[in-house]
Amino acid sequence: MRNMLVTGGAGFIGSNFIRHALVYTHINKLVNLDLLTYAGSLSNLAGLETDPRYQFVQADIRSRELVQNLLLEHQIDTLVHFAAETHVDRSIRQPEIFIESNVLGTFQLLEAARQAWDGSFSGKRFHHVSTDEVYGTLAAGEPSFSETTPYNPRSPYSASKAGSDHCVRAYFHTYGLPVTISNCSNNYGPYQYPEKFIPVIILNCLMGEIIPVYGDGRQIRDWIYVEDHCRGILRILEDGQPGETYNLGGGNQPSNLEVLEQICAIMDRKRPGSPHVPHHNLLRFVIDRPGHDRRYAMDCRKINAALGWQPEENLASGLEKTVDWYLDHMDWLLAVARDEKYRTWIQTQYKEES
Ligand code: NAD
Ligand code: DAU
């Protein structure tokens, strides 16, 4: 029975993870610490308020003393760290908060855990959730990223995640803190904030807005359904080795244009009476993202061999589920889309093209 502290649990992957963990693992207590930035919302956790094992704390991961007190008060043995600034385009416009939250925030958490656990590390685990973007970009035909691929981050976001990964590893080697790290590829699924590509496509199909495609649209991502990522993290918590890193990916490597075509085809099928059919006519090529990574692909042989993990969802089945979820949760989607903060972001990011 674990006492777990989850950071960033009101965001996309964190909220999916909390729902998953409460069902699939033995949890005595789960404390969710989240600052509720623009990307976090308690509506992502609706229904959990009545679960006696679950508790929410609104706070910043940079508040070391507060975190340390939480670890002691709730006798936390397992910390799963999702909290971060996560959108590459925002990191290009406003890099500073990425260094603050992702690098300094992770450092403060590490210090809080080191001091609260005070050398009694048996049965403890600090799991850090990271990204494939730390490895940089691949040209066509280059081998996939493995756990030994040298770091080569190219955006302020990926540089800040790389910095946090280095800090986490340093705490293992220097202090013996029992850490594990997962580097995962692009997630998609329920509760993803519609600043990221897949929910942008779905929302804009529904609203009849243009779907902005950066550059030539031939960039490649390794898309993983969020539930597969959550299962992978639980396997690492169960049987992963302290000090180890595990890569996770979906085994799907379509271009952005292919992703767009697949989603538009699903929308055509599910909304045949929409005035926006065929939805792919909403596509507009827009100015490219600076430093845009061309291709990501993950080599997942290590986690497969060591922990028996592999993704269960393929892209077609995962996209179908994802579109269904957004269509069934229009209230959630429209609440975000009508929010002033979201409108401001869309205006700022895409204004050159409107
Ligand atoms: P998200 O942007 O949806 O959510 C981030 C959450 O962190 C929000 O709830 C936000 O309020 C919270 N947060 C931000 N700064 C905070 C702070 N200083 N203190 C406390 N809470 C804070 O992010 P996501 O897409 O769910 O990503 C979660 C984690 O997974 C991140 O660490 C990200 O780097 C990593 N990751 C994401 C992907 C992906 O495709 N989305 C892939 C691999 C790894
Ligand atoms: O690879 C893992 C990473 O995936 C995570 O670490 C990040 O937190 C997450 O944001 C994501 O980063 P990407 O930049 O790959 O995701 P995004 O959804 O922003 O973009 C996916 C691709 O689609 C990318 O090539 C850029 C392109 N794109 C994106 C948007 C928002 C467009 O063409 N148009 C858009 O409007």
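Atoms within each ligand, like the ligands themselves, are counted from 1 in listed order.
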Looking only at heavy atoms, is any part of Ser158 under 4.0 Å from ligand 2, and if so is it the side chain, the backbone, or both, or is it neither?
-> neither
Using non-hydrogen atoms of the residue, decide whether Ala59 is closer than 4.0 angstrom to ligand 1.
-> yes
Run the contact test for Thr7 against ligand 1 with a 4.0 Å cut-off on heavy atoms, strictly below, and give the result.
-> no
Heteroatom proximity flag, Asp89 to ligand 2, N/O under 3.5 Å | no
Heavy-atom proximity to atom 15 (N) of ligand 1 ranks first, among Ser130, Ser63, Gly14, Ser101, for Ser101
Report the part of Arg221 (side chain from C-beta onward, or backbone N, CA, C, O) that has a heavy atom under 4.0 Å from ligand 2; answer both or neither where that applies.
-> side chain
Sequence neighbours excluded, the answer for side-chain contact (heavy atoms from CB on, under 4.5 Å) partners of Ser130 is His128, Val134, Lys161, Asp165, Ile181, Asn183
Glu49 atom CD: more than 12 heavy-atom contacts under 6.0 Å | yes
Heavy-atom contacts under 4.0 Å between Thr86 and ligand 2: side chain, backbone, both, or neither?
-> both
Heavy-atom gap Tyr38 to ligand 1 smaller than 4.0 Å = no
Should Pro311 and Tyr225 count as side-chain neighbours, where that means a heavy-atom distance under 4.5 Å?
-> no
Does Glu133 approach ligand 2 within less than 4.0 angstrom via side chain, backbone, both or neither, non-hydrogen atoms only?
-> side chain
Asn256-ligand 2 polar pair, N/O distance under 3.5 Å = yes
